[in-house]
**Student:** 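First the structure, then my questions, so here it is.
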Amino acid sequence: MTFQTEQLPTLILLVLVLVLTQLAGGYLALAGSPWIKKYQHYFLALSAGFLITLVIGNLIPEALEMSHNAPLYVIIGFGMLHFMEHTVSRHMHFGEEHHHIHTRGKQLVWGTLIGLYVHSMFDGLTLSVFYLHDPAIGLLTFFGVLLHKFPEGFTIASVAIAGDTPIRSAKKMVLVLSSASLVGLLITLFITEINPELSAMMMGLAGGVALYIGATDLVPEVNHASNRKVSLTLFGGMILFWFIGTFLHVH
């Protein structure tokens, strides 16, 4: 998989939108805005429904077309993100931190930042891999990722506040986290021009990562919401996927 020069400006713009959305989520949370806290689960539910449908309907099938080893790559991508989020981080969830974590607070805050950073890096990588393969599928991936960028920014801000992190340091954490999607883009640009099998591997890994994000990061947060409308919003994300996919003529 190689990219055309004309694809790059649009891809960079899409990644920058992810960065700015994540920044906005974190900084609004640190400013005490109630808006994100009130609607975060709706964003998570939309993203969960959208991503799961996208992975099953497009991302994994595209990887399978490129290599018979794609199932192995998907499994590795799924397991790799689980390891990073729940072995390296060990305090990984989306949304507001409801507990004061002064005890071992710095460890938990930094652990959450590491977990979210890896997650966000793979967001950027997944978007980049599939956009360079097929811009229409890339745009679908963009919408699925974009929907949970506000909650990601809110999450690190909330954990930082619960861990008694000074506001200035918390803002720096939000900024660092937001850079992760750009790192994912840079990694993709570096490795996708090597050979077709490696390109297929990247697509399979990206599909596994997206499946993990939708099924194990986002859906549990949706299931924890007490508002039934949030659960119904997950199906709204699936419908949104088919609507946008039809508009973009993605098959």
Side-chain angles (χ1 to χ4, degrees), residues 18-19 21-22 25-26 29 36-37 39-57 59-60 74-99 108-127 129-130 140-160 162 173-174 177-178 180-181 183-184 204-225 230-231 233-238 240-241:
L18 299 184
V19 171
T21 303
Q22 200 169 36
I36 300 177
K37 180 178 178 179
Y39 294 107
Q40 61 168 321
H41 281 102
Y42 291 99
F43 283 108
L44 292 175
L46 275 173
S47 183
F50 196 104
L51 271 181
I52 290 172
T53 312
L54 171 66
V55 169
I56 296 173
L59 302 193
I60 292 178
V74 171
I75 292 169
I76 292 173
F78 189 98
M80 183 168 52
L81 193 55
H82 176 80
F83 175 80
M84 294 302 299
E85 288 189 0
H86 297 284
T87 301
V88 175
S89 173
R90 306 194 68 178
H91 186 74
M92 175 68 189
H93 68 87
F94 278 78
E96 184 180 14
E97 176 58 60
H98 295 285
H99 304 94
L108 292 176
V109 172
W110 283 103
T112 301
L113 177 61
I114 291 170
L116 285 172
Y117 191 92
V118 173
H119 174 117
S120 295
M121 182 183 69
F122 277 110
D123 279 341
L125 185 147
T126 301
L127 167 60
V129 165
F130 283 99
L140 280 174
T141 306
F142 166 74
F143 285 112
V145 172
L146 179 66
L147 289 169
H148 66 264
K149 282 300 166 184
F150 263 118
E152 274 185 1
F154 175 79
T155 297
I156 190 59
S158 174
V159 171
M173 288 181 174
V174 173
L177 176 61
S178 299
S181 295
V183 174
L205 290 174
V209 166
L211 179 62
Y212 184 90
I213 291 170
T216 67
D217 278 342
L218 303 183
V219 169
E221 297 298 329
V222 174
N223 291 341
H224 290 157
V230 173
S231 297
T233 304
L234 184 143
F235 297 103
M238 295 179 175
L240 180 63
F241 164 81

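Excluded from the calculations below are hydrogen atoms, water molecules and symmetry mates; all remaining heavy atoms, backbone and side chain alike, are included.
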**Student:** Begin with the C-alpha distance, continue with both residues' side-chain angles, and end with the deciding distance and a verdict on side-chain hydrogen bond (donor to acceptor under 3.5 Å, both in side chains) for Ser181 and Gln22.
**Tutor:** CA-CA 10 Å; Ser181 295; Gln22 200 169 36; 4.6 Å; no
**Student:** Given the rule in the side chain to side chain contact (heavy atoms under 4.5 Å, CB included) test, do Asp217 and His148 qualify, once you have shown the distances and angles that lead to the verdict?
**Tutor:** CA-CA 10 Å; Asp217 278 342; His148 66 264; over 6 Å; no
**Student:** Using every non-hydrogen atom in the two residues, find where Val19 and Ser178 come nearest and quote the distance to one decimal.
**Tutor:** CG2-O, 3.2 Å
**Student:** List for me each residue that meets side-chain hydrogen bond (donor to acceptor under 3.5 Å, both in side chains) alongside Thr126, sequence neighbours excluded, and say none if there are none.
**Tutor:** none
**Student:** Kindly compute the distance separating CG (Leu51) from CE (Met238), expressed to the nearest 0.5 Å.
**Tutor:** 11.0 Å
**Student:** What are the two closest non-hydrogen atoms of Ala210 and Leu59, and how far apart are they?
**Tutor:** CB-CD1, 3.9 Å
**Student:** What's the shortest heavy-atom distance between Leu218 and Gly214, and which atoms?
**Tutor:** CB-O, 3.6 Å
**Student:** Could you walk me through whether Phe78 and Val209 pass the side chain to side chain contact (heavy atoms under 4.5 Å, CB included) check?
**Tutor:** CA-CA 5 Å; Phe78 189 98; Val209 166; over 6 Å; no
**Student:** Working to the nearest 0.5 Å, report the span between CD of Glu152 and CD1 of Ile213.
**Tutor:** 7.5 Å
**Student:** A side-chain contact here means heavy atoms from C-beta on lying under 4.5 Å apart; do Leu140 and Phe130 qualify?
**Tutor:** no
**Student:** Below 30° counts as parallel, above 60° as perpendicular, anything between as tilted: where do the rings of Phe50 and Phe143 land?
**Tutor:** tilted
**Student:** Can you check whether Phe154's main-chain N or O pairs, donor with acceptor, with Ser158's side chain at less than 3.5 Å?
**Tutor:** no
**Student:** Looking at every heavy atom in both Ala160 and Met173, which two are closest together, and how far apart are they?
**Tutor:** CB-SD, 4.4 Å
**Student:** I would like to know whether Leu205 and Leu125 meet side chain to side chain contact (heavy atoms under 4.5 Å, CB included); could you show each step before the answer?
**Tutor:** CA-CA 10 Å; Leu205 290 174; Leu125 185 147; 5.8 Å; no
**Student:** Could you grab the distance from atom CG of Leu44 to atom CG of Leu234, nearest 0.5 Å is fine?
**Tutor:** 10.5 Å
**Student:** When the ring planes of Phe43 and Phe150 are compared, do they come out parallel, tilted or perpendicular, using 30° and 60° as the limits?
**Tutor:** tilted
**Student:** Kindly compute the distance separating CG (Leu46) from CG (Leu146), expressed to the nearest 0.5 Å.
**Tutor:** 11.0 Å
**Student:** Taking all non-hydrogen atoms of both residues into account, name the closest pair between Ala180 and Tyr117 and its distance.
**Tutor:** CB-O, 3.4 Å
**Student:** Between His224 and Pro220 (side chain of the first, backbone of the second, donor and acceptor by atom type, cut-off under 3.5 Å), is there such a pair?
**Tutor:** yes
**Student:** Can you measure from CE (Met80) to CZ (Phe83) and round to the nearest 0.5 angstrom?
**Tutor:** 11.0 Å
**Student:** Applying salt bridge (Lys or Arg N to Asp or Glu O under 4.0 Å), which residue pairs with at least one partner in residues 116-125 are found, sequence neighbours left out?
**Tutor:** Asp123-Lys149
**Student:** Show the nearest heavy-atom pair for residues Leu177 and Ile156, with the distance to one decimal.
**Tutor:** CD2-CG2, 3.6 Å
**Student:** Using only atom types and a distance under 3.5 Å, with no angle test, would you say the side chain of Ser47 pairs donor to acceptor with the backbone of Gly144?
**Tutor:** yes
**Student:** Can you tell if the side chain of Val219 reaches within under 4.5 Å of the side chain of Ile52, non-hydrogen atoms only?
**Tutor:** yes
